[in-house]
Engineer: 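Below is the structure I would like to discuss, written out as structure tokens.
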Amino acid sequence: MGRNLKIKAARAEKDMTQKALAETVGISRQTMNAIEQGEFNPTIRLCRAICRVLGKSLDELFGEENEDE
């Protein structure tokens, strides 16, 4: 599992820190960092909460990259 730069970019669009996003979805900043680093696989419930806060779809934040693109 690779780094999730999409979450970081979406956070930046909303001017949110990792800590602010983590607190909003009910997890620790360390867990949010691990998600962004690709070191923690979040539950679908947590993915949906992150998407809701950042105003993105599951595909936009957690969809697989097409290697042909």
Side-chain angles (χ1 to χ4, degrees):
M1 182 165 57
R3 295 175 66 182
N4 190 328
L5 299 177
K6 296 174 187 175
I7 295 175
K8 185 175 183 176
R11 268 194 312 101
E13 288 177 12
K14 294 278 187 180
D15 198 27
M16 291 186 84
T17 63
Q18 274 187 346
K19 182 179 179 185
L21 177 57
E23 288 176 353
T24 302
V25 298
I27 60 174
S28 69
R29 188 203 57 78
Q30 290 82 0
T31 299
M32 183 56 65
N33 184 57
I35 292 169
E36 288 188 6
Q37 294 302 314
E39 298 169 353
F40 180 79
N41 195 11
T43 63
I44 188 68
R45 184 175 178 184
L46 179 54
C47 290
R48 293 180 79 155
I50 293 168
C51 288
R52 192 170 30 255
V53 171
L54 295 177
K56 300 289 185 182
S57 70
L58 282 169
D59 277 345
E60 288 175 309
L61 293 185
F62 297 98
E64 292 184 26
E65 299 278 335
N66 186 345
E67 294 180 13
D68 295 336
E69 292 179 3

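Along the sequence shown, residues are numbered consecutively beginning with 1.
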Engineer: Starting at CE of M16, measure out to CE of M32 and round the result to the nearest 0.5 Å.
Structural biologist: 8.5 Å

Engineer: Just to verify, which of T31, I7, N33 counts as forming a side-chain contact (heavy atoms from CB on, under 4.5 Å) with Q18?
Structural biologist: N33

Engineer: Kindly compute the distance separating CZ (F62) from CG (N41), expressed to the nearest 0.5 Å.
Structural biologist: 9.0 Å

Engineer: With rounding to the nearest 0.5 Å, note down the distance linking CG in L54 to CG in L21.
Structural biologist: 5.0 Å

Engineer: Look at the side chain of K14 and the backbone N and O of G55, then say whether any donor-acceptor pair between them is shorter than 3.5 Å.
Structural biologist: no

Engineer: Rounded to the nearest 0.5 Å, what's the gap from OG on S28 to CD on E23? Could you check?
Structural biologist: 10.0 Å

Engineer: With respect to E36, which candidate in R3, K8, R29, R11 satisfies the salt bridge (Lys or Arg N to Asp or Glu O under 4.0 Å) definition?
Structural biologist: R11

Engineer: For the residue pair C51 and S57, what are the closest heavy atoms and their distance?
Structural biologist: SG-O, 3.5 Å

Engineer: Do I44 and V53 belong to the same hydrophobic cluster, where Ile, Leu, Val, Met, Phe, Trp and Tyr are linked whenever their side-chain heavy atoms lie under 4.5 Å apart, directly or via other members?
Structural biologist: yes

Engineer: If you measure from CD1 on I50 to CG on L61, what distance do you get to the nearest 0.5 Å?
Structural biologist: 8.0 Å

Engineer: Nearest 0.5 Å, what's the CG-CZ distance between L58 and R52?
Structural biologist: 10.0 Å

